Amino acid sequence: MSNWVLEKRSFDSKEAAADGNRFLCANGYMGLRGVVEEAGPSLFPAVTLAGVYDQYQDRWREPVNAPNSLFMQLSFNGLAMTLGETEAVSHCQTLDYRHGIFQRETDFGPVTVSSQRFVSMAETHLLADRYEMRFRSDGEMTLIAGISTDIWDINGPHLFDWQFRAGEALSAWAVTGEKRITVAAAQCVSLDFEAEETVEQRASGLFRVLKRKVKAGDTLTVSVFSGVYTSLDDADPVKAAERLSLQAKEKGFAACIRAHRDAWETIWERCEIVTEGDEAAALALHASQYHLNCIAPRHAKNLSIPARGLSGQTYKGAIFWDSEIFFFPMFVYTQPEIAKSLLRYRIETLSGALKKAAEYGYRGAFYAWESQEGGEEGCTNFNVVDVFTHRPVRTYFRDKQIHISADIAYALRSYYDITGDRTLLKDGGARVILECARFYLSRANGHVDSEQADFADVIGPDEYHERVTNNAFTNRMIRHCLESALLLKDIFADQPEAFTALLQEMEYEKDWQLLPALLGRIREPRVKNGVVEQFDGYFDLEDCFLDTVRSRLCDPREYWGGDHGVAGTTQIIKQADVIAMMALFPEAFTDPEIDVNWRYYEPRTEHGSSLSACMYALTACRVGRLDEAWDLFMRTANIDVVGGGKQWAGEIYIGGTHPASNGGAWMIAALGFAGLRMKNGKPEIHPNLPKQLKRLRFPIIAGGERLMVEVTPEGGKIVQA
Ligand code: IFM
């Protein structure tokens, strides 16, 4: 197996949910789960659309899945050749990370089916599949190829009033329940054989039925071209989808796949991390970079990326802090136009954040914890279901995880620091930072017996301890947000009138005076023997081992956090928190400070979130704990290679890809192993290469220059690309 190819040589329907994620093909506009053509809803096929949401009844709002327009079902002599139902002699499926191409080959005995398909990186709305049948005996084949409207949804259905049209292209379209958005798919086929052809409209969609006699030794091929559009993309999405599928058919499969492969090559030129020394690590890095790149919104200027990418509807397809803290770094250093899109999404959803703050009685911008279109809050007050009572549990992620606004301000500032480009700040970014700072001005609590300001009743990244006071991470991020707001005056020093006009327009003059005062008063965390206390009172909690806490569970799926969770009264934390702070502000802490905190918190961390390991790896690099850094790196980078992690919580599907880990893998390689950082607008490196690697090389764009970073055991350099 090359270090660019994921391969699986068996099929087990129990692994279908996880494999659908691992073998995902996507292009930022849509994601096609890695399941075979004939799969019905029990194998979780989906074409998930980016940025299109719907709510069915009072269920969770989630992204919409388009119909499956690559559906194909072969029967031979009356027997359906369906993986998982008909016994197969062998099955192999692969995903080529370099070019985003999914292949399967299934030997059903009398016939072997093989296919090659992709979600075009060159043509945003195009899916294509080349499906080949090799017959070993004489008989009659029936191939059903069409658009399946039998859609697997978690909280659906979302598409209603189906309509169909059959011409050279088959088309199916429907509207979403909530906003009446039209979702359309069209499909054309090109055959290298003659067949009797009929078109059938069934309850499950619109299909071409192709029948013919075959002889042993015959090989027949069908190429399928499908356009997918919504009324958000085009005033006539049905026509647009039909037009695209016809055009693609005209071009032919070979030309379409060539354009798709070329588009991927261009992406790799911008960001490929080349390593030497460890093949498993190379594969894991390719997987991580593939998964993050394939969900980047290249077709848009103002979209962000959901926490589970485009692998389905988990986490309501919502945008979390994952975008700014975990996805953003790779993009800002390699493809800043994508980083810009992530931030434009926040700029354009500021009104949602202002509304949310006002609803809670605050001023300024309080961004949604789980943000959907328009900045709408997708996070409910009851985000967990109790495994014992099956009742919803009141959770406080939505109302107390206030670091989200500062995380966004952090990324806006980093964008400026790394690119040197002020346009984003000018075009709304400065306003966002100022509104976030204003939110913290209104959210701060005076301390009862000192001059200091507390941030009480919050949740930090460690979500197991809810409603705490002075979470070190949160307070540090808030300080940085206030500092960034004040720094804007220097950034726009050459345009003082424009900056003053902005403050006036925002009625900010009084708040501007208050910022330095609050900055000077934010409570510093307690430090004991060099260890930063995660929040007020954390050190007084029971100090015990992870296994002790685990042994207290009555049910393996029990939620560890909240009022009754097993972790709440202990020092066991879900994910990096103080260590995340140290990873984000490396210059604010000395090596011994980081080391002592790392040694304290790592054994107390469950790593119950895929966001955790990379923060520990980054800080481990910094203090020379390279063996630990390597293990955490492999865990991070391999996450969507092995497809680990929970897939189900009771009845709720929670699986998906892990873009935060994918971004984390880039961060560990670039910011950790190479030690890349910006100083006074210039990149510099401080290599910490683990012994497993003989070479590390990757391109960056920093301060407007295209550069190449090279690290070997002998040292490192940054050269012109
Ligand atoms: O943003 C994270 C959070 O920190 C932990 N739970 C999952 C979320 C989405 O990845």
Side-chain angles (χ1 to χ4, degrees), residues 21 60 62-63 154 288 291-292 295 304-329 342 345-346 367-372 377-380 382-385 393 395-408 410-411 458-466 468 471 473-474 477 534 557 559-562 565 567 572-581 583-584 601 605-616 636 639-640 644-649 652-665 667:
N21 304 318
W60 284 352
E62 64 186 7
I154 300 180
S288 297
H291 275 292
L292 195 51
I295 53 175
S304 192
I305 301 174
R308 289 287 200 235
L310 297 176
S311 61
Q313 296 157 317
T314 317
Y315 286 150
K316 311 174 190 113
I319 317 300
F320 290 66
W321 70 311
D322 307 31
S323 287
E324 285 72 24
I325 304 299
F326 297 83
F327 314 161
F328 176 82
L342 306 188
Y345 167 78
R346 297 301 194 175
Y367 274 89
W369 179 244
E370 299 183 10
S371 182
Q372 298 182 330
E377 178 62 271
C379 188
T380 65
F382 299 89
N383 235 22
V384 168
V385 175
V393 179
T395 47
Y396 293 89
F397 311 124
R398 171 194 171 111
D399 20 9
K400 309 295 176 191
Q401 213 148 164
I402 64 167
H403 64 83
I404 179 68
S405 294
D407 302 335
I408 292 163
Y410 180 93
V458 304
I459 300 183
D462 159 32
E463 296 172 330
Y464 287 164
H465 296 88
E466 296 185 339
V468 301
N471 168 249
F473 176 93
T474 304
M477 291 303 286
Q534 187 177 295
R557 290 168 304 139
Y559 182 56
W560 289 35
I572 296 301
I573 63 174
K574 177 181 182 181
Q575 65 194 73
D577 195 305
V578 166
I579 288 300
M581 167 182 79
L584 295 189
Y601 281 109
T605 304
E606 186 214 0
H607 295 297
S609 155
S610 58
L611 280 56
S612 189
C614 70
M615 291 294 178
Y616 279 95
T636 302
I639 196 157
D640 291 322
K646 291 181 205 155
Q647 299 292 314
W648 298 90
I652 301 179
Y653 179 66
I654 56 159
T657 54
H658 301 85
S661 279
N662 305 152
M667 287 198 271

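Start at 1 and go down the list; that is how both ligands and their atoms are numbered. Numbers for residues simply follow the sequence, beginning at 1. These figures come from a predicted structure and were not determined experimentally. As a basis for the values below, the full set of heavy atoms in this structure was taken, side chains included, without hydrogen atoms, waters or symmetry mates.
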**Q** Distance alone, cut at 3.5 Å: any donor-acceptor contact between the side chains of Thr395 and Tyr559?
**A**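 Checked: Thr395/Tyr559 side chains show no N/O donor-acceptor pair below 3.5 Å.
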
**Q** For atom 9 (C) of ligand 1, find the nearest protein heavy atom and state the residue, atom name and distance (0.1 Å precision).
**A**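 Its nearest protein heavy-atom neighbour is Asp322 OD2, 3.4 Å.
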
**Q** Pair Val458, Val468 - check side chain to side chain contact (heavy atoms under 4.5 Å, CB included), show working.
**A** CA-CA 5 Å; Val458 304; Val468 301; 4.1 Å; yes

**Q** Taking only heavy atoms of Leu611 into account, list the atoms of ligand 1 that are under 4.0 Å away from them.
**A**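 Going through ligand 1 atom by atom, the ones under 4.0 Å from Leu611 are 1 (O), 2 (C), 4 (O), 10 (O).
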
**Q** Compute the minimum heavy-atom distance from Arg308 to ligand 1 and say whether it is under 4.0 Å.
**A**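 Contact absent.
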
**Q** Below 4.0 angstrom from a heavy atom of Gln575, which ligand 1 atoms are there? Numbered from 1 as shown, please.
**A**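 Near Gln575, meaning under 4.0 Å from one of its heavy atoms, ligand 1 has 4 (O), 5 (C).
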
**Q** Please confirm whether Lys574 comes under 4.0 Å of ligand 1, counting heavy atoms of the residue only.
**A**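 Right, Lys574 reaches ligand 1.
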
**Q** What is the nearest protein non-hydrogen atom to atom 3 (C) of ligand 1, stated with its residue, atom name and distance?
**A**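 Its nearest protein heavy-atom neighbour is Glu463 OE2, 3.6 Å.
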
**Q** If you look at every heavy atom in Glu463 and Lys574, which pair is closest and at what distance?
**A**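 Where Glu463 meets Lys574 most closely, the heavy atoms are OE1-NZ, 2.7 Å.
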
**Q** On a heavy-atom basis, which atom in Pro329 and which in Met667 lie closest, and how many Å separate them?
**A**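 Nearest pair, atom of Pro329 first, then Met667: CG-SD, 3.7 Å.
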
**Q** Can you name the closest pair of heavy atoms from Gln401 and Gly460 and give their distance?
**A**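 The answer is OE1-O, 3.4 Å.
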
**Q** Which of the numbered atoms in ligand 1 are below 4.0 angstrom from a heavy atom of Phe320?
**A**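 Answer, ordered by atom number: 1 (O), 8 (C), 9 (C).
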
**Q** Quick one: which ligand 1 atoms are inside 4.0 Å of a heavy atom on Trp321?
**A**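 Numbered from 1, ligand 1 contributes 1 (O), 2 (C), 3 (C), 4 (O).
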
**Q** Without hydrogens or angle criteria, can the side chains of His403 and Thr474 be said to hold a donor-acceptor pair below 3.5 Å?
**A**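 Their side chains do not contain a donor-acceptor pair, so the 3.5 Å distance test is not met.
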
**Q** Can you spot which of Glu370, Met477, Arg346 makes a side-chain contact (heavy atoms from CB on, under 4.5 Å) with Ile404?
**A**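 When Glu370, Met477, Arg346 are each tested with Ile404, the side-chain contact (heavy atoms from CB on, under 4.5 Å) holds only for Arg346.
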
**Q** State the atoms of ligand 1, each with its element, that fall below the 4.0 Å cut-off from a heavy-atom position in Ala307.
**A**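 Result: 9 (C), 10 (O).
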
**Q** Among all the protein's non-hydrogen atoms, which is closest to atom 7 (C) of ligand 1, and how far away is it?
**A**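 Of every protein heavy atom, Tyr315 OH, 3.6 Å lies nearest to atom 7 (C) of ligand 1.
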
